[in-house]
There are 2 protein chains.
Amino acid sequence: MAGIIEENPFVTDQELTRKLRVSIQTIRLDRMELGIPELRERLKVMAEQTYDQVRSLPIDEVIGEVIDLQLDRSGISIFEIKQEHVFSRNHVARGHHLFAQANSLAIAVINEEVALTATADIRFVRQVHLGEKVVAKAYVRSVSGERNKAKVEVFSYVGDDLVVHGHFIIFRSTSEGTVSEGGHEDENRH
Amino acid sequence: MAGIIEENPFVTDQELTRKLRVSIQTIRLDRMELGIPELRERLKVMAEQTYDQVRSLPIDEVIGEVIDLQLDRSGISIFEIKQEHVFSRNHVARGHHLFAQANSLAIAVINEEVALTATADIRFVRQVHLGEKVVAKAYVRSVSGERNKAKVEVFSYVGDDLVVHGHFIIFRSTSEGTVSEGGHEDENRH
DNA sequence: ACTACAATTAGTACCTGGTTCTAATACGAG
DNA sequence: CTCGTATTAGAACCAGGTACTAATTGTAGT
């Protein structure tokens with residue numbers, strides 16, 4: 001039963017009686033047993049998720065969890081590879097998620113209201129698999145005030161293994177025009 | 001009233017009577033008038049949104065829609081920048097989505113059972129905004145059979161404007177070991 | 001002041017999708 | 001056959017409504 005509800009959380013107890021050919025009381029007893037809340041409660045929880053998501057969208061503007069940040073110096077973030085980040089056929093992480101973590105961290109580490117990625121140079125050293133935790137370390141290598149750009153180097157590890165190595169050039173200006181990729185108001189400045 | 005509900009969609013008619021100091025019938029008449037559904041309906045709609053989001057995740061194993069593909073030669077994909085792809089504060093596309101489109105296309109264009117990104121070199125030429133359609137064009141520049149790797153160059157445009165330019169090195173082998181990023185069974189080979 | 005009309009409020013019946021509780025029935029093991 | 005568990009039935013109750021009818025209040029026009 002848990003499977004059916006998981007697959008279609010919108011199912012009512014009534015509908016379950018028809019699928020499982022048991023009485024509605026059995027459905028409800030089992031649901032109690034399994035700790036599965038009633039339909040409305042399920043909907044409410046899902047609704048709260050979307051609502052939180054919408055409200056907290058700025059939070060995942062950084063992909064991965066930033067656990068250390070020294071502005072204009074270095075930063076560390078952790079990103080766990082889950083089902084939604086891998087190719088289904090071989091459970092290997094899709095490159096753009098690893099890129100996203102590194103890119104987000106490179107932007108977060110820059111001490112500026114709006115920071116934009118200008119170029120990125122990424123080397124995928126080895127595959128990352130489902131369930132692995134990727135620790136990305138970013139180091140600001142140079143900050144050239146006149147030209148408003150910073151070079152950031154990022155190393156991503158799984159345990160001791162280097163999995164990704166990247167160089168980013170980040171524009172620090174708030175001006176629009178020649179560079180791409182969004183600005184960023186980060187979590188570390190309040 | 002519409003404002004209160006918009007701000008807190010989880011409010012019941014009862015709670016509204018207390019906030020607006022009118023009877024519950026007035027609340028309900030007004031809600032009818034404004035075409036605002038009852039609490040449970042609102043929750044259900046929100047729940048369906050989250051559910052759709054989760055369900056459609058596997059679909060984007062190739063980011064963007066591939067509209068032309070000549071294996072080992074070139075490919076074109078289109079990717080529309082939607083709300084979920086941009087920074088909320090300035091509506092500029094997050095870099096990793098543009099990367100993802102280019103990377104996906106670079107892999108798709110390789111005529112191999114499993115293709116993996118080894119390195120990527122990306123330049124973000126200009127910002128891409130909400131609602132813009134990004135057309136990525138990939139060209140296979142070299143295919144060195146002995147070393148099992150291919151160089152792919154990708155140009156992404158919005159209209160006539162070049163927005164992203166990237167060089168990818170893709171491993172064509174099925175062997176594991178030194179390269180990262182998942183294999184890929186693409187839509188074009190069945 | 002009286003009337004007409006809209007807005008507001010009250011009240012009742014009914015609905016869905018449940019919970020909670022008590023009680024009856026079926027079913028298999030010892 | 002009896003004990004214990006699983007299943008089913010049934011009734012009362014609840015939240016958060018819809019749908020409908022009717023009374024009350026307010027207010028503007030003449």
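Throughout, a chain's letter reflects where its sequence line sits, starting with A, and its residues are numbered from 1.
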A:K19 with A:E7: basic N within carboxylate O range, under 4.0 Å: no
N/O (side chain, A:S23) to phosphate O (OP1/OP2, D:dT8) under 4.0 Å: yes
Cationic tip of A:K44 above B:F10 ring, under 6.0 Å, 45° of axis: no
Under 4.0 Å protein heavy-atom contact, by nucleotide of nucleotides 15-28 of chain D - B base, S sugar-phosphate only: BBBB----------
Geometric class of the B:F99/B:F168 ring pair [parallel <30°, tilted 30-60°, perpendicular >60°]: tilted
Sugar-phosphate, base or nothing in reach of B:I24, heavy atoms under 4.0 Å: nothing
B:N90 (side chain) donor-acceptor with B:V92 (main chain) under 3.5 angstrom: yes
Chain A footprint on DNA chain C, 5' to 3' - any atom under 4.0 Å from a heavy atom: C:dT16 to C:dT19
A:R31 bridged to A:E41 by N-O distance under 4.0 Å: no
Whether over 12 other heavy atoms sit under 6.0 Å from B:R73 CZ: no
Pairwise distance CG(A:D13) to CE(A:M1) - rounded to 0.5 angstrom: 8.0 Å
Contact check, side chains of A:R42 and A:I5, non-hydrogen atoms, under 4.5 Å: yes
